[in-house]
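A short worksheet on the structure shown next.
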There are 2 protein chains.
Amino acid sequence: MFIQIEPNSAIPIYEQVTRQIIEGIARGDMQPGDTLPSVRSLAADLGVNMHTVNKSYHELEAKGIISIRAKSGAVICSTEERALTPEQLRQIEKNLKPVVAEGMVLGATAEQIEHMMKKVFADLQIPVEGV
Amino acid sequence: MFIQIEPNSAIPIYEQVTRQIIEGIARGDMQPGDTLPSVRSLAADLGVNMHTVNKSYHELEAKGIISIRAKSGAVICSTEERALTPEQLRQIEKNLKPVVAEGMVLGATAEQIEHMMKKVFADLQIPVEGV
DNA sequence: ACATTTGTTATATATATAGTATAACAAATA
DNA sequence: TATTTGTTATACTATATATATAACAAATGT
């Protein structure tokens, strides 16, 4: 799989897994309907504990991105299933705020931040291995 | 002061303090050269421990936003002192990435995310082209 | 000069979070 | 039927978060 863990990061392992799966879906590496690897196999792949991956999967489910079918597997939700609610929009804005504020205080211009945002957006939209 | 603590938030108190001071500076509530309240007085104001505020101040210093003068006080750095380094730019982009990725996966369009970005800029009272 | 305020340092305690290690269970699956 | 699956439970270690006190020495205010 495409996930790379940084053991010494300040970001918890389960959070790294969550983010990289989200980025993988955004990039198109994984599509709606696809099944995620079992918590045991992914944990073995990454060299971490089963429960750590399990926590990540449940975080993804709480975000409405995957659906965990008990004793079967985890499936990526369709775009219809994960319709953007006003609550989710507010949350994204809430997440965006401290990042933008810090950038500005450090001396970045609005244009620089918009440019970085577009760069990130493009990174995620353009598949690494071609379509 | 303008800081409001949410005791039951998943975000640590010292991190809430750090973010709100950064937002305060971004908004212009506080300007370069201004002195932050002493760790003891702000802690008393917020009803939290001295060390919690102290941790926040040192986080702000590590980010290059304030300068702590031993046994005197904490001063907000000038925009020259906090010149944006390529390393800091990378960090901002790194912070931006998971937020944008999650938004996209949840079904937000590029326009929606750009719009939210402008809303955040407006909240922070930062002039943006075309607003 | 003196008292207060300041950040600093140290110690101690309590709680929560993160991560691992095993184990067992029951449903789904091959 | 045997294996794989997510689930649940227990136990343990380590780190992070937050508080509580106390003392120190430099800076500051009067």
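Within every chain, numbering begins at 1; the chains are lettered A, B, ... in the order of the sequence lines, protein sequences first and strands thereafter. Basis for what follows: all heavy atoms, side chains included, without hydrogens, waters or symmetry-related copies. None of these values were measured; they are calculated from a predicted model.
No chain of hydrophobic side-chain contacts below 4.5 Å, direct or via other Ile, Leu, Val, Met, Phe, Trp or Tyr residues, connects B:Tyr14 to B:Leu36. When hydrophobic clusters are built by joining Ile, Leu, Val, Met, Phe, Trp and Tyr residues whose side-chain heavy atoms come closer than 4.5 Å, directly or via intermediates, B:Val75 is not grouped with A:Leu106.
Listed candidates were D:dT21, C:dG7, C:dT20. Nearest to the side chain of B:His51 is D:dT21. For B:Asn49, the side-chain atoms get nearest to D:dT19 when compared with the rest of C:dG7, D:dT8, D:dT19. Taking only side-chain atoms of B:Ile68, from C-beta outward, the nucleotide of C:dG7, C:dA23, C:dA18 with the closest atom is C:dG7. When each of C:dT20, C:dT9, D:dT5 is scored by its nearest atom to the side-chain atoms of A:Lys71, the top-ranked nucleotide is D:dT5.
In this structure, the CD1 atom of B:Ile13 is 13 Å from the C1' atom of D:dA16, given to the nearest Å. As a whole-Å value, the separation of B:Glu15 CD from C:dT17 P is 16 Å. When rounded to the nearest whole Å, the span between CG of B:Asn8 and P of C:dA16 equals 12 Å. Following rounding to the nearest Å, B:Glu59 (CD) and D:dA16 (C1') show an atom-to-atom distance of 13 Å. The distance from atom CD1 of A:Ile11 to atom P of C:dT17 is 18 Å, rounded to the nearest whole Å. A:Met50 places its CE atom 11 Å from the P atom of D:dT8, with the value rounded to the nearest Å. Residue B:Arg69 contributes atom CZ, which lies 17 Å from atom C1' of C:dT8 at whole-angstrom precision.
Contact check, B:Ser72 against C:dT5: no side-chain N or O comes under 4.0 Å of OP1 or OP2. Applying the 4.0 Å criterion to OP1 and OP2 of C:dA18, one finds that A:Tyr14 has a side-chain N or O inside that range. For B:Ser38 and C:dT6, the shortest distance from a side-chain N or O to OP1 or OP2 is below 4.0 Å. Side-chain N/O atoms of B:Thr52 include one lying less than 4.0 angstrom from OP1 or OP2 on D:dT19.
Closest heavy-atom contact between A:Glu61 and A:Ile68: OE2-N, 3.1 Å.
An end-to-end axis angle of 40° holds for the helix from C:dA1-D:dT30 to C:dA30-D:dT1, taken from five base pairs per end and rounded to 10°.
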Passes side chain to side chain contact (heavy atoms under 4.5 Å, CB included), A:Ile92 versus A:Leu84? Steps please.
CA-CA 10 Å; A:Ile92 295 169; A:Leu84 196 61; 4.2 Å; yes
Which is it for B:Glu23 and B:Ile3 under the side chain to side chain contact (heavy atoms under 4.5 Å, CB included) test, yes or no, and what are the steps along the way?
CA-CA 10 Å; B:Glu23 285 170 22; B:Ile3 296 175; over 6 Å; no
Dump the intermediate steps for side chain to side chain contact (heavy atoms under 4.5 Å, CB included) on A:Val99 and A:Asn95, then the final yes or no.
CA-CA 7 Å; A:Val99 180; A:Asn95 295 341; over 6 Å; no
Run B:Arg82 and B:Gln88 through side chain to side chain contact (heavy atoms under 4.5 Å, CB included) and show every step you take.
CA-CA 10 Å; B:Arg82 38 186 161 95; B:Gln88 286 174 323; 5.9 Å; no
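Map A:Pro12 and B:Asn54 each onto its nearest nucleotide of DNA chain C; the residue landing nearer the 5' end is B:Asn54. Between B:Arg40 and B:Lys55, it is B:Lys55 whose nearest contact on DNA chain D lies nearer the 5' terminus.
Scanning atom types as modelled, no donor and acceptor separated by under 3.5 angstrom connect the side chain of B:His58 and the base of C:dT8.
Residue contacts for B:Tyr57: at a heavy-atom cut-off of 4.0 Å it reaches no nucleic acid atom on any strand shown.
Under a cutoff of 6.0 Å and an axis angle of 45°, A:Arg27 and A:Phe2 form a cation-pi pair.
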